[in-house]
Amino acid sequence: MTDDPIFLKVWRTVAHVPRGRVATYGQIALMIGLHRGARTVGWALRALPDDCRVDGKAVPWHRVINARGAISDRGGGGGIGRQAVALRREGIAVSAGGLVDLGRYLWRGQRRRS
DNA sequence: TGCGTGACTTGAC
DNA sequence: CGTCAAGCCACGC
């Protein structure tokens, strides 16, 4: 596991996010040991296969959003719309602008300093 | 070996 | 609440 590529760790960590909850890139980064690699997490998700499956497990990439609680704009492919729909489908309230209430849906309730 | 790139974060204005 | 700039990490060429 420690020898596995970063993106593999990211996928596995994301796969641990329970249904109906969301996690931020920074949070995922912290869990895999990258205290400042939120961008790397995004990079890893970008490399995620279309099947969204790793090691036979589905990777809920749609549960990963940025620290503002907004869906990242990956610039095309209509991905954000798809992600918003997927989140609502799990019972997560998503505003018209694609914003999610982190204080209510954030996984494990972990938050950074205020 | 070094530079550019990106689904990010945070602090300032 | 909106935009700007700087920082950080891993990967591909």
Side-chain angles (χ1 to χ4, degrees):
Chain A
M1 177 130 88
T2 19
D3 292 346
D4 291 343
I6 297 298
F7 55 83
L8 205 49
K9 291 186 187 174
V10 172
W11 295 342
R12 285 178 181 165
T13 303
V14 173
H16 291 141
V17 179
R19 186 173 173 285
R21 283 280 192 272
V22 297
T24 66
Y25 294 93
Q27 188 178 350
I28 297 298
L30 289 172
M31 291 177 183
I32 63 179
L34 298 175
H35 289 247
R36 294 278 147 66
R39 301 192 77 197
T40 305
V41 175
W43 170 85
L45 290 180
R46 180 188 164 302
L48 189 68
D50 294 342
D51 299 57
C52 298
R53 282 185 166 254
V54 175
D55 193 27
K57 295 179 8 179
V59 180
W61 59 273
H62 51 270
R63 292 181 193 147
V64 184
I65 56 182
N66 60 28
R68 299 177 194 167
I71 296 173
S72 300
D73 185 5
R74 77 178 92 356
I80 80 167
R82 196 164 121 201
Q83 183 166 3
V85 172
L87 290 174
R88 288 182 196 163
R89 197 173 178 182
E90 305 200 343
I92 297 173
V94 182
S95 72
L99 298 175
V100 178
D101 184 348
L102 290 180
R104 184 173 157 138
Y105 298 106
L106 186 62
W107 183 33
R108 280 185 162 186
Q110 283 188 16
R111 313 187 197 184
R112 52 195 101 283
R113 59 195 179 281
S114 54

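Within every chain, numbering begins at 1; the chains are lettered A, B, ... in the order of the sequence lines, protein sequences first and strands thereafter.
In this structure, Ile6(A) places its CD1 atom 13 Å from C1' of dC8(C), rounding to the nearest Å. Rounded to whole angstrom, the span from the OH atom of Tyr25(A) across to the P atom of dT10(B) amounts to 14 Å. A straight line from CG of Leu8(A) to C1' of dA10(C) spans 14 Å, rounded to a whole angstrom. Atoms CD1 (Ile32(A)) and C1' (dC8(C)) sit 13 Å apart, rounded to a whole Å. In this structure, CZ of Arg68(A) is placed 11 Å from C1' of dC1(C), rounded to the nearest angstrom. Following rounding to the nearest Å, Leu102(A) (CG) and dT10(B) (C1') show an atom-to-atom distance of 15 Å. Spacing between atom CG of Leu30(A) and atom P of dC9(C) amounts to 12 Å, rounded to whole angstrom units. Distance CH2 (Trp11(A)) to P (dA7(B)): 15 Å, rounded to an integer number of Å.
Every residue meeting the side chain to side chain contact (heavy atoms under 4.5 Å, CB included) condition with Ala38(A), not counting sequence neighbours, appears here in chain and number order: Tyr25(A).
In this structure, Thr40(A) does not reach the dC8(C) phosphate: none of its side-chain N or O atoms is under 4.0 Å from OP1 or OP2.
Taken to the nearest 0.5 Å, the CG atom of Leu48(A) stands 11.5 Å off from the CZ atom of Arg53(A). Note that CG of Leu87(A) and CD1 of Ile80(A) are 11.5 Å apart. Values are rounded to the nearest 0.5 Å. Interatomic distance, CZ of Phe7(A) versus CG of Leu45(A), reported as 12.0 Å (0.5 Å rounding). Ile32(A) CD1 to Gln27(A) CD: the interatomic distance, rounded to the nearest 0.5 Å, is 12.0 Å. From Thr13(A), atom OG1 reaches atom CH2 of Trp107(A) across 7.0 Å, with rounding to the nearest 0.5 Å.
In this structure, the nucleotide among dC8(C), dA10(C), dT9(B) sitting nearest to the side chain of Leu34(A) is dA10(C). If you check dA7(B), dC8(B), dC8(C) against the side chain of Trp61(A), the one that comes closest is dA7(B). Nearest to the side chain of Arg39(A), among dA7(B), dA10(C), dG7(C), sits dG7(C).
In the region residues 42-55 of chain A, proximity to DNA chain B at under 4.0 angstrom, judged on heavy atoms, holds for Gly42(A), Leu45(A), Arg46(A).
Among residue pairs with one or both ends in residues 23-34 of chain A, none qualify as salt bridge (Lys or Arg N to Asp or Glu O under 4.0 Å); sequence neighbours excluded.
Considering all non-hydrogen atoms of both residues, Leu106(A) and Arg21(A) come closest at O-CD, 3.7 Å.
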From CA spacing to verdict: side-chain contact (heavy atoms from CB on, under 4.5 Å), Gln83(A), Ile65(A): CA-CA 10 Å; Gln83(A) 183 166 3; Ile65(A) 56 182; 3.8 Å; yes
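Exactly one of Thr40(A), Ile28(A), Val41(A), Val10(A) qualifies for a side-chain contact (heavy atoms from CB on, under 4.5 Å) with Leu34(A). That residue is Thr40(A).
When base pairs are accepted only as Watson-Crick or G-U wobble with both N-N or N-O distances under 3.5 Å, DNA chain B takes part in stems of 3 or more pairs at B:2-6 with C:9-13, B:8-13 with C:2-7.
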Protein N or O to nucleotides 1-4 of chain B N or O, pairs below 3.5 Å:
none

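With a 6.0 Å radius and a threshold of 12 heavy atoms from other residues, nucleotides or ligands, Arg88(A) has its CZ atom above the threshold.
Spacing of P atoms, dC8(C) relative to dA12(B), comes out at 15 Å, to the nearest Å.
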Extract all donor-acceptor atom pairs below 3.5 Å that involve side chains of residues 54-63 of chain A and protein atoms in other chains or at least two apart in sequence.
unit_1, atom_1, unit_2, atom_2, d
His62(A), NE2, Glu90(A), OE2, 3.1
Arg63(A), NE, Glu90(A), OE1, 2.7
Arg63(A), NH1, Val17(A), O, 2.7
Arg63(A), NH2, Glu90(A), OE1, 3.1
Arg63(A), NH2, Glu90(A), OE2, 2.9

